[in-house]
Amino acid sequence: MQTLSGPHPSHGIAATLDPTEFLGLAPFLRMSIAGEEFIQFAQDLVVQVQQNPDNAILWMNLATVLQCLDDTETGLETQRQALAMQQVYTYPAKQQPAKLRLLMLMVPGILSVNVPLDCLLENSDIELIYYYITPEAPFEAPIPEHDLLMVGISATTENQFLLQELEKITSQWPVPVINTPKHVQNSERLTASTLLQNKPGLTIAQAHPASREALSAVVSEQAALPRCDFPIILRPAGSHGGHGLEKITNREELASYLERVQVDTYFLSRFIDYSNEDGQFRKYRLSLINGVAYACHMAISTNWMIHYVNASMYQDAWKRAEEAKFFNEFEQFAARHQQALQAIYETTQLDYLGIDCGETREGDLLVFEIDPAMVVHAMDSEEMFPHKQIHMNKVKTACRDLLLSRAFAHQHPADNGLKG
């Protein structure tokens, strides 16, 4: 960790933050969306950590900032330092008194491995208690009192064993559980692509695991692709957020990919061209909350691999206008894809889920990925996106209603804490 001469004053959103409080992801995502630099805030945090090396909250905040600045390796090492001192971090309700204490089970790792619920509930009356667990020591620290439990862990390949172990434990939990471990496992990429095959109105490309050795045999023409032909989509097994995700159209491109992306196992699936007649691709992010679908955003790009931040949504007014139309007519979209959305809910049985999808040329809902840990927020500029707040407020309200109704559906003892 670099040594700095001393702290400097922060500006903008950063100036309002108290780094001695657990900040979560929300303020840094908000700064990023607003285009606000927070390198200075990170440097100030480094100094404070050096001056207060026993303060786990400072370490954890710094870990999040570093990952937001794409210094993942240092961020994860900083996170390890924080968790060696403290496993539980509380994100207080901004509206007091808090109506609900939600205990969220989390795992160490990159930002995408946990549900970033604070980005959706950052100004709510719900207290979020992050409890970080590992397979080796799931519940070392005492478990705080809480009204509701949520499994906030993404179903990555690495988390499968932990989720199986948690199922045994949480099945006897004294308060209701949102997203039980058994159901979270249904959102794992390979599992979901199998479970959702042949559902009415739904298309999802079957994911196939493929070893490096098997793909090398395809390059050397000693073997064919498993159960599909070029073009294919290829990614490292367990990757998220588009890391290492590429479209491969022939053996030469496959050889180049294997040279650049060297892992033992990959996931491959057939490429489905979902572009419209205008040559643009359209990707939708939905929230499925208690079985009801809500629109979160729509991105438009000439590139098939769409991320909202690289789709020029902030630059192109016509794209924002089309997104506004999507929001305003979402009831029609949801009705058109009611069978597919119902199938996702009934198959996964997840209370809270994110869906990235498009539409096939035949009119099916084309599902790219389902994951409870997708980032959902209402932080875009109201001036630039005047259509968003009213619709994102529906998502926030639905999430809050789910938590409150589930927590207080039955009478619980005053003390819901478990002693660890």
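In this chain, numbering begins with 1 at the start of the sequence shown. Bear in mind that the values here come from a model prediction, so they are computed numbers and not experimental data.
Between H297 and Y308, the two ring planes are tilted [angle within 30° to 60°]. Ring-plane geometry between Y130 and F22 is classed as perpendicular, the angle between the planes exceeding 60 degrees on a 0 to 90 degree scale with a lower cut at 30. In this pair, Y314 and F385 present their aromatic rings perpendicular. The plane angle is above 60°, beyond the 30 to 60° band. Aromatic ring pairs are classed by plane angle as parallel below 30°, tilted from 30° to 60° and perpendicular above 60°; the pair F326 and F333 is perpendicular. The aromatic rings of Y274 and F281 stand perpendicular to each other, their planes meeting at an angle above 60°, with 30° marking the opposite boundary.
Shown here is D278, whose CG atom has more than 12 heavy atoms of other residues, nucleotides or ligands within 6.0 Å. The neighbour count for E73 CD, taken as heavy atoms of other residues, nucleotides or ligands under 6.0 Å away, does not exceed 12. Residue-environment remark: CD (E165) exceeds the threshold of 12 foreign heavy atoms within 6.0 Å.
For F267 against P209, the heavy-atom pair with the smallest separation is CD2-CA, 4.0 Å. The shortest non-hydrogen separation linking I289 to V395 is CD1-O, 3.8 Å. Contact detail for P236 and H243: the closest heavy-atom pair is CD-O, 3.6 Å.
Using modelled atom types and a 3.5 Å distance limit, the side chains of N159 and T156 yield a donor-acceptor pair. For T194 and Q206, the side-chain atoms include at least one donor-acceptor pair closer than 3.5 Å. Inspection of the S154 and D371 side chains reveals an N or O donor paired with an N or O acceptor under 3.5 Å. No hydrogens or angles considered: a donor-acceptor pair under 3.5 Å links the side chains of R361 and S275. Checked by atom type, the side-chain pair E359/H337 shows a donor-acceptor distance below 3.5 Å. For the residue pair Q342 / E346, a side-chain donor-acceptor distance below 3.5 Å is found, with atom types taken as modelled. When only modelled atom types and interatomic distance are considered, Y266 and R212 share a side-chain donor-acceptor pair under 3.5 Å. Side-chain polar atoms of D364 and T203 form a donor-acceptor pair below 3.5 angstrom.
A salt bridge (Lys or Arg N to Asp or Glu O under 4.0 Å) check over residues 171-184, counting only residues at least two apart or in different chains, returns nothing.
For the pair I153 and L162, the minimum side-chain heavy-atom distance is below 4.5 Å. Contact check for L268 versus I233: no side-chain heavy atoms found under the 4.5 Å cut-off. At least one side-chain heavy atom of C399 sits under 4.5 Å from a side-chain heavy atom of L117. Using a 4.5 Å heavy-atom cutoff, the side chains of M374 and R285 are in contact. A heavy-atom distance below 4.5 Å is found between the side chains of M379 and C119. The side-chain heavy atoms of T64 and F28, taken from C-beta on, include a pair separated by under 4.5 Å. The side-chain heavy atoms of L25 and L111, taken from C-beta on, include a pair separated by under 4.5 Å. At least one side-chain heavy atom of L105 sits under 4.5 Å from a side-chain heavy atom of F139.
The main-chain N or O of I126 is found under 3.5 Å from a side-chain atom of S124 such that the two form a donor-acceptor pair. The backbone N or O of Y131 lies less than 3.5 Å from no partner atom in the side chain of Q87, so there is not a single donor-acceptor pair. The backbone N or O of M384 sits less than 3.5 Å from a side-chain atom of S381, completing a donor-acceptor pair. Looking at D71, its side chain never comes within 3.5 Å of a backbone N or O of L66 through a donor-acceptor pair. Between the Q40 side chain and the E37 main chain, no donor and acceptor come within less than 3.5 Å of each other. In this structure, R282 contributes its side chain and G358 its backbone to no donor-acceptor pair below 3.5 Å. Remark: side-chain polar atoms of Q389 are not paired, donor with acceptor, to backbone N or O of P386 under 3.5 angstrom.
Separating the CH2 atom in W59 from the CG atom in L45 is a distance of 11.0 Å, to the nearest 0.5 Å. Here the CG atom belonging to L288 is positioned 4.5 Å from the CD1 atom belonging to I355, to the nearest 0.5 angstrom. Between the NE2 atom in H208 and the CD1 atom in I232 there is a gap of 10.0 Å [rounded to 0.5 Å]. One distance of note links CG of L62 with CD of Q67; it measures 10.5 Å at 0.5 Å rounding. The CZ atom of F368 sits 10.5 Å away from the OG atom of S269 when rounded to the nearest 0.5 Å. In this structure, D44 CG and I39 CD1 are separated by 12.0 Å, a value rounded to the nearest 0.5 Å.
With sequence neighbours excluded, no residue forms a side-chain hydrogen bond (donor to acceptor under 3.5 Å, both in side chains) with T302.
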- Item | Step-by-step side chain to side chain donor-acceptor pair (under 3.5 Å) determination, N328 to H391 | CA-CA 8 Å; N328 293 331; H391 297 284; 3.0 Å; yes
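Relative to the ring axis of Y294, K394 does not place its NZ or CZ within 45° and under 6.0 Å from the centre.
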